[in-house]
**Student:** 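Sharing a structure with you now.
Remember, it's a predicted structure, so these values are computed and weren't measured experimentally.
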Amino acid sequence: MHHLSIILPAKNEAEGLQRTLPGLRSAYPLAQIIVVDDGSTDATAQIAHDHGAMVISNPYSMGNGAAIKRGARAASGQILVFMDADGQHHAAHIQALLDKLDQGYDMVVGARDASGQANFHRGLANAFYNRLASHMTGHRIDDLTSGFRAVRAERFREFLHLLPNGFSYPTTSTMAFFRSAYPVAYVPIPVAKRVGNGSHIRPLKDGLRFLLIIFKIATLYAPMKLFAPVAALFFLTGLGYYGYTFATMHRLTNMSTLLFSAAVIIFLIGLISEQITNLTYRRDE
């Protein structure tokens, strides 16, 4: 069995692979290198073959998360390293992740600095997600969305059924590890400028997706931390409005009743979500 498996999801990343794979093979000649070709229309699969990588080809594009899942299932290593195929991540930085993993962690994430963000707005959004996730978990999270990470294979496979097929697999896996009390660490790494066909992430199209990540963070980890404050806000608003209408009109209005009802419904939804979350992460020993 290979001790280390390096997994690269790739969609039309022929140019990036030409730069990334030789360095990986040189630095880790005994590692299993897996390139998951996610429905590419260029020479991605051929270049991966030429550099001795194991190639898993999707007949059509299934998404970044789906490629990660297929690669994780096929990997034989005890340690899995996930990295981008576009040249942003360098083989030389893998050792820093592995060294940290040896200190007793189950997942180590390569945290990007400000220069590693795609643009100012993306950096601002990621900073917000990091702060929110840190608040939810009670642990400092330096980079919630980084795709460069090393994990223990048996731990990661526990959560394959939770991972989405799209781009938010790093968010989901990180929160799942925290929720299950598997130690997570961050190692600062520089990120090179990507090569190839440009980012697959489109700001306008993915704006709603990033907004949904915020709710995913909450519902993956501790739903009541989201639902309870919202329920309290509705209740206090209803109470305040009732005080106003009672003082001015001496009656309870439909709006106050609606706000009180909404507060109860939101609280109950949060309670149900909390139970579902507990069942999701329950492990039968």
**Student:** Quick one about Asp37 and Ser40 (side-chain donor to acceptor, distance below 3.5 Å, no hydrogens or angles considered), yes or no?
**Tutor:**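 Looking only at side-chain atoms, Asp37 and Ser40 do form a donor-acceptor pair, the distance falling under 3.5 Å.
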
**Student:** Any side-chain heavy atom of His93 within less than 4.5 Å of one from Leu97?
**Tutor:**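 Sidechains of Leu97 and His93: no contact.
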
**Student:** Testing the basics here: between Ile34 and Gly71, what is the closest heavy-atom pair and its distance to 0.1 Å?
**Tutor:**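 Looking at all heavy atoms of both residues, the closest pair is CD1-O, 3.8 Å.
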
**Student:** Looking at side-chain heavy atoms only, is the closest gap between Leu163 and Leu160 below 4.5 Å?
**Tutor:**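 Yes, close enough: below the 4.5 Å cut-off.
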
**Student:** What do the steps show when you test Gln46 against Asp50 for side chain to side chain donor-acceptor pair (under 3.5 Å), and what is the final call?
**Tutor:** CA-CA 6 Å; Gln46 186 59 50; Asp50 292 345; 2.8 Å; yes

**Student:** Closest heavy-atom contact between Tyr28 and Ala91?
**Tutor:**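 Looking at all heavy atoms of both residues, the closest pair is CE1-O, 3.9 Å.
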
**Student:** Indicate the atoms forming the closest heavy-atom contact of Ala75 with Ile7, along with that distance.
**Tutor:**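 Heavy atoms of Ala75 and Ile7 come nearest at CB-CD1, 4.1 Å.
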
**Student:** Nearest heavy-atom pair of Thr245 and Tyr242: which atoms, and what distance?
**Tutor:**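 Result for this residue pair: OG1-O, 3.0 Å.
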
**Student:** Check whether His90 reaches the backbone of Ala92 with its side chain - one donor and one acceptor, N or O, closer than 3.5 Å.
**Tutor:**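 Side chain of His90 to backbone of Ala92, a donor-acceptor pair under 3.5 Å: yes, one is there.
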
**Student:** Look at the rings of Phe177 and Tyr182 and say which category their plane angle falls in: under 30° parallel, 30 to 60° tilted, over 60° perpendicular.
**Tutor:**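 The rings of Phe177 and Tyr182 stand perpendicular, inter-plane angle above 60°.
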
**Student:** Where do Leu80 and Ala153 come nearest, in terms of heavy atoms and distance?
**Tutor:**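 Smallest heavy-atom distance, with atoms named: CG-CB, 3.7 Å.
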
**Student:** If two hydrophobic side chains count as joined below 4.5 Å and joins carry through other members, does Val230 share a cluster with Ile269?
**Tutor:**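 Cluster IDs for Val230 and Ile269 match.
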
**Student:** Applying a strict under-4.5 Å side-chain criterion to I, L, V, M, F, W and Y, I'd like to know whether Tyr244 and Phe234 cluster together.
**Tutor:**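 Linked within one cluster.
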
**Student:** Using the rule that Ile, Leu, Val, Met, Phe, Trp and Tyr join whenever any side-chain heavy atoms are under 4.5 Å apart, tell me whether Met255 and Val264 fall into a single cluster.
**Tutor:**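 They do not share one cluster, since no chain of ILVMFWY contacts under 4.5 Å joins Met255 to Val264.
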
**Student:** What distance do Asp143 atom CG and Ile189 atom CD1 have between them, rounded to the nearest 0.5 Å?
**Tutor:**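 Between atom CG of Asp143 and atom CD1 of Ile189 there are 8.0 Å.
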
**Student:** Are any side-chain N or O atoms of Arg112 and backbone N or O atoms of Pro188, one a donor and one an acceptor, separated by less than 3.5 Å?
**Tutor:**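 Answer holds: no.
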
**Student:** Once you round to the nearest 0.5 Å, how far does CD of Glu13 lie from CG of Leu21?
**Tutor:**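 Going from the CD atom of Glu13 to the CG atom of Leu21 covers 11.0 Å.
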
**Student:** Does CG belonging to Asp102 count more than 12 external heavy atoms closer than 6.0 Å?
**Tutor:**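 Yes - once you tally the heavy atoms of other residues, nucleotides and ligands closer than 6.0 Å, there are more than 12.
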
**Student:** Go through the steps for Met224 and Phe267 under the test side-chain contact (heavy atoms from CB on, under 4.5 Å), then give the verdict.
**Tutor:** CA-CA 8 Å; Met224 286 302 289; Phe267 179 80; 3.3 Å; yes

**Student:** Salt-bridged, Arg140 to Asp142, with N to O below 4.0 Å?
**Tutor:**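 Asp142 and Arg140: salt-bridged.
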
**Student:** Does the side chain of Asn165 pick up a donor-acceptor pair with the side chain of Lys69 at under 3.5 Å?
**Tutor:**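 Per modelled atom types, Asn165 and Lys69 side chains form a pair under 3.5 Å.
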
**Student:** Do Val109 and Phe148 make a side-chain contact, defined as non-hydrogen atoms from C-beta onward lying under 4.5 Å apart?
**Tutor:**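 Not in contact.
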
**Student:** Under a 3.5 Å distance rule, please check whether Asp86 uses its side chain to pair with a backbone N or O of Gly16 as donor and acceptor.
**Tutor:**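 The answer is no, because no donor-acceptor pair under 3.5 Å joins these two groups.
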
**Student:** Checking the side chain of Thr171 only, and the main-chain atoms of Thr145 only, is there a donor and an acceptor separated by less than 3.5 Å?
**Tutor:**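 The answer is no, because no donor-acceptor pair under 3.5 Å joins these two groups.
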
**Student:** Looking at Asp106 and Arg152, would you say the former's side chain and the latter's main chain have a donor-acceptor pair under 3.5 Å?
**Tutor:**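 Checking the backbone N and O of Arg152 against the side chain of Asp106, no donor-acceptor pair under 3.5 Å is found.
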
**Student:** Do Asn12 and Thr41 have a side chain donor and acceptor closer than 3.5 Å?
**Tutor:**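 Asn12 vs Thr41: donor-acceptor pair found between side chains.
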
**Student:** Is there a continuous path of hydrophobic side-chain contacts, each under 4.5 Å between heavy atoms, that joins Ile265 to Phe227?
**Tutor:**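 Hydrophobic grouping puts Ile265 with Phe227.
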
**Student:** Taking the side chain from Arg157 and the backbone from Ala72, do they hold a donor-acceptor pair closer than 3.5 Å?
**Tutor:**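 Flag set: sc Arg157 to bb Ala72 pair under 3.5 Å.
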
**Student:** Before you tell me yes or no, could you show the steps for Arg155 and Ser180 under side chain to side chain donor-acceptor pair (under 3.5 Å), namely the whole-Å CA-CA distance, both residues' side-chain angles and the distance that decides it to 0.1 Å?
**Tutor:** CA-CA 10 Å; Arg155 299 282 191 251; Ser180 299; over 6 Å; no

**Student:** What residue among Val55, Val81, Leu8 forms side chain to side chain contact (heavy atoms under 4.5 Å, CB included) with Ile33?
**Tutor:**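 The single option meeting the side chain to side chain contact (heavy atoms under 4.5 Å, CB included) with Ile33 is Leu8.
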
**Student:** In the structure I gave you, are the side-chain heavy atoms of Leu132 and Asn130 within less than 4.5 Å of one another anywhere?
**Tutor:**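 Not touching, per the 4.5 Å side-chain cut-off.
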
**Student:** Cationic tip of Arg149 within the cone over Phe82's six-membered ring, i.e. under 6.0 Å and within 45° of the normal?
**Tutor:**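 Geometry flag: not set, cation outside 6.0 Å or 45°.
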
**Student:** Do Ser5 and Ile79 have side chains that approach each other closer than 4.5 Å (heavy atoms only, starting at C-beta)?
**Tutor:**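 Ser5 does not reach Ile79 side chain to side chain.
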
**Student:** Give, for atom OG1 of Thr44 and atom CD of Glu15, the distance between the pair rounded to the nearest 0.5 Å.
**Tutor:**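 These two atoms lie 10.5 Å from each other.
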
**Student:** Judged by atom type as modelled, is there a donor-acceptor pair below 3.5 Å linking the side chain of Asp38 to the main-chain atoms of Lys11?
**Tutor:**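 Checked: no pair found.
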
**Student:** How far does CD of Gln88 sit from OG of Ser146, to the nearest 0.5 angstrom?
**Tutor:**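 Spacing of CD (Gln88) from OG (Ser146) equals 9.5 Å.
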
**Student:** Once you measure the plane-to-plane angle for Phe246 and His250, does it fall in the parallel (<30°), tilted (30-60°) or perpendicular (>60°) bin?
**Tutor:**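 Perpendicular: the ring planes of Phe246 and His250 meet at over 60°.
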
**Student:** When His89 is tested against each of Asp84, Thr20, Leu24 for side chain to side chain contact (heavy atoms under 4.5 Å, CB included), which residue passes?
**Tutor:**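 Running side chain to side chain contact (heavy atoms under 4.5 Å, CB included) over Asp84, Thr20, Leu24 with His89 returns exactly one hit, Asp84.
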
**Student:** Please answer whether the main-chain N or O of Thr257 pairs with a side-chain N or O of Ser261 as donor and acceptor at a distance below 3.5 Å.
**Tutor:**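 Side chain of Ser261 to backbone of Thr257: a pair is present.
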
**Student:** For Phe260, which residues count as a ring-ring contact (aromatic ring centres under 6.0 Å, His included) partner, sequence neighbours excluded?
**Tutor:**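 Residues passing ring-ring contact (aromatic ring centres under 6.0 Å, His included) with Phe260: Phe235.
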
**Student:** Answer yes if the side chains of Gln32 and Ser76 hold a donor-acceptor pair under 3.5 Å, and no otherwise.
**Tutor:**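 Side chains of Gln32 and Ser76: pair found under 3.5 Å.
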
**Student:** Verify, without hydrogens or angle tests, whether Ser273 (side chain) and Pro223 (backbone) share a donor-acceptor contact under 3.5 angstrom.
**Tutor:**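 Flag not set: sc Ser273 to bb Pro223 has no pair under 3.5 Å.
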
**Student:** Under the side chain to side chain contact (heavy atoms under 4.5 Å, CB included) test against Arg179, which residue among Asn278, Thr174, Leu162 passes?
**Tutor:**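 Per the side chain to side chain contact (heavy atoms under 4.5 Å, CB included) rule, the option paired with Arg179 is Asn278, out of Asn278, Thr174, Leu162.
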
**Student:** Can you see which heavy atom on Ala10 is nearest to which on Val35, and at what distance?
**Tutor:**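 Distance-wise, the nearest heavy atoms are CB-CG1, 4.0 Å.
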
**Student:** Would you check if Pro170 and Leu144 make a side-chain contact, meaning some heavy-atom pair closer than 4.5 Å?
**Tutor:**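 Heavy-atom side-chain distance check fails, nothing below 4.5 Å.
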
**Student:** Count the heavy atoms belonging to other residues, nucleotides or ligands that lie under 6.0 Å from CZ of Phe159, then report whether that count exceeds 12.
**Tutor:**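 Enclosed.
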
**Student:** With no hydrogens and no angle check, is any side-chain donor or acceptor of Gln78 less than 3.5 Å from a backbone partner on His3?
**Tutor:**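 A pair under 3.5 Å: no.
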
**Student:** Are Ile6 and Leu98 joined in one hydrophobic group, where the rule is that I, L, V, M, F, W and Y side chains link up if heavy atoms are under 4.5 Å apart?
**Tutor:**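 Yes, Ile6 connects to Leu98 through the hydrophobic network.
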
